[in-house]
Amino acid sequence: MRRIRVMLVEDDPFWQENISSDLAAEADIEVAAVCGSKEEALQAAALDRALDVVLMDINLSGNKLDGLEAVQELWPILGERDVKVIMLTSLKESSIILKSLQLGAVNYMTKQSCKDIVRAIREAAAGAAQIHADAAGAMRAELQLMELTPTEREVYELRRAGLSRQQISDRLYKSAHTIKSQIKSIRSKLLPFRLHQPSRAADDEHD
């Protein structure tokens, strides 16, 4: 039986050791390479034409999201060979999850879900990757928020950050009445989805 060849791209020695050890214990998985930087990953991918799956950390040096850059630069190699990419990180921001999937990743998992890595690798190698629960909720929310116009989305984010209607009005240089109408429209659009919607703060004005 041919084993699934995995390249782990991770800069933290703790995760390098633990993930590699867990994968090596599986009879059908081979750790083909462990890379600590984008440059090492590019070199290893260019040399190894038999990779099946790449586990890619998002922050390879500080908080620079250079794992996303690595996927983008690796894609001419990985895409041509149908190598599957799984993003592995501690980040849960929906914008980063969506960006990862837009760049070609087939799955996105947090390190708190490391027990699910083996299954995710097998599913990815078989072409049957299922979006992990770590990413699915954020994806659903983001898709639902696409119902909003760009202006409504801006108001929504400010409202969710705790700004009052008057504060949003001042920030966006719009009348309080306009902001009130936009919040009403936002509630109407998001009500069927039961998302966290801008709430009626106590300091809001009343007509």
Side-chain angles (χ1 to χ4, degrees), residues 1-139 142:
M1 176 182 66
R2 181 182 179 279
R3 292 190 290 175
I4 302 169
R5 290 175 56 79
V6 177
M7 177 169 75
L8 172 63
V9 187
E10 166 63 62
D11 67 322
D12 189 321
F14 171 85
W15 288 108
Q16 283 184 354
E17 180 178 352
N18 282 273
I19 294 174
S20 296
S21 176
D22 289 346
L23 297 183
E26 302 296 326
D28 60 337
I29 295 177
E30 175 185 352
V31 181
V34 178
C35 305
S37 68
K38 176 178 69 175
E39 292 71 26
E40 289 180 18
L42 288 166
Q43 184 176 15
L47 294 173
D48 192 338
R49 301 190 61 85
L51 285 175
D52 298 300
V53 176
V54 172
L55 281 178
M56 175 68 71
D57 184 25
I58 286 184
N59 285 326
L60 295 172
S61 54
N63 295 311
K64 298 181 179 179
L65 304 181
D66 42 353
L68 295 177
E69 294 177 14
V71 171
Q72 199 162 13
E73 293 183 34
L74 281 166
W75 199 246
I77 300 172
L78 304 183
E80 182 181 74
R81 302 175 193 171
D82 197 28
V83 180
K84 305 301 192 300
V85 177
I86 299 172
M87 304 306 289
L88 187 62
T89 179
S90 58
L91 302 173
K92 298 181 180 180
E93 289 87 340
S94 59
S95 59
I96 297 175
I97 294 172
L98 289 178
K99 184 63 175 178
S100 298
L101 299 175
Q102 288 169 350
L103 289 174
V106 300
N107 214 335
Y108 186 107
M109 303 172 60
T110 64
K111 290 174 180 175
Q112 289 76 15
S113 300
C114 58
K115 62 179 176 26
D116 299 328
I117 290 176
V118 170
R119 182 180 65 187
I121 288 173
R122 289 175 178 144
E123 289 176 349
Q130 299 183 34
I131 299 298
H132 194 271
D134 290 338
M139 285 181 61
E142 194 65 27

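These numbers come from a predicted model, not from an experiment. Along the sequence shown, residues are numbered consecutively beginning with 1.
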What heavy-atom pair brings [X] and [Y] nearest, and what distance separates the two atoms?
X	Y	result
Glu40	Val34	OE1-O, 4.3 Å
Met7	Ala41	CE-O, 3.9 Å
Ser113	Asp134	OG-OD2, 2.8 Å
Val53	Ala124	CG2-CB, 4.3 Å
Trp75	Gly104	CH2-O, 3.6 Å
Gln16	Gly36	NE2-CA, 3.9 Å

Say you draw a straight line from [atom1] of [X] to [atom2] of [Y]; how long is it, rounded to the nearest 0.5 Å?
X	Y	atom1	atom2	answer
Leu47	Leu42	CG	CG	11.0 Å
Arg81	Lys84	CZ	NZ	14.0 Å
Asp57	Leu65	CG	CG	10.0 Å
Gln130	Asp116	CD	CG	11.5 Å
Arg119	Ile121	CZ	CD1	12.0 Å
Arg3	Asp52	CZ	CG	11.5 Å

- Item | More than 12 heavy atoms from other groups under 6.0 Å of CD on Glu39 | yes
- Under 6.0 Å from the CZ atom of Arg49, do we count more than 12 heavy atoms belonging to anything else shown? no
- Item | Asp48: side-chain contact (heavy atoms from CB on, under 4.5 Å) partners, not counting sequence neighbours | Arg5, Ala32, Ala50, Leu51
What donor-acceptor contacts under 3.5 angstrom involve side-chain atoms of residues 86-103, with partners at least two apart or in another chain?
residue, atom, partner, partner atom, Å
Thr89, OG1, Leu91, N, 3.1
Ser94, OG, Glu142, OE1, 3.2
Ser100, OG, Ile96, O, 2.9

- Message: Would you say that Ile4 contacts Arg122 through its side chain, given a criterion of any heavy-atom pair below 4.5 Å between the two side chains?
- Response: yes
- Task: Could you give me the CA-CA distance, side-chain angles and deciding distance for Ile117 and Asp22, then say whether side-chain contact (heavy atoms from CB on, under 4.5 Å) is met?
- Result: CA-CA 9 Å; Ile117 290 176; Asp22 289 346; over 6 Å; no
- Give the C-alpha distance, both sets of side-chain angles, the deciding distance and a yes or no for side-chain contact (heavy atoms from CB on, under 4.5 Å) between Lys38 and Lys64. CA-CA 12 Å; Lys38 176 178 69 175; Lys64 298 181 179 179; over 6 Å; no
- Task: Determine yes or no for a side-chain-to-main-chain donor-acceptor pair under 3.5 angstrom, with Asn107 supplying the side chain and Ala129 the backbone.
- Result: no
- Message: Evaluate Leu8 against Leu23 for side-chain contact (heavy atoms from CB on, under 4.5 Å), listing each step before the verdict.
- Response: CA-CA 10 Å; Leu8 172 63; Leu23 297 183; 5.6 Å; no
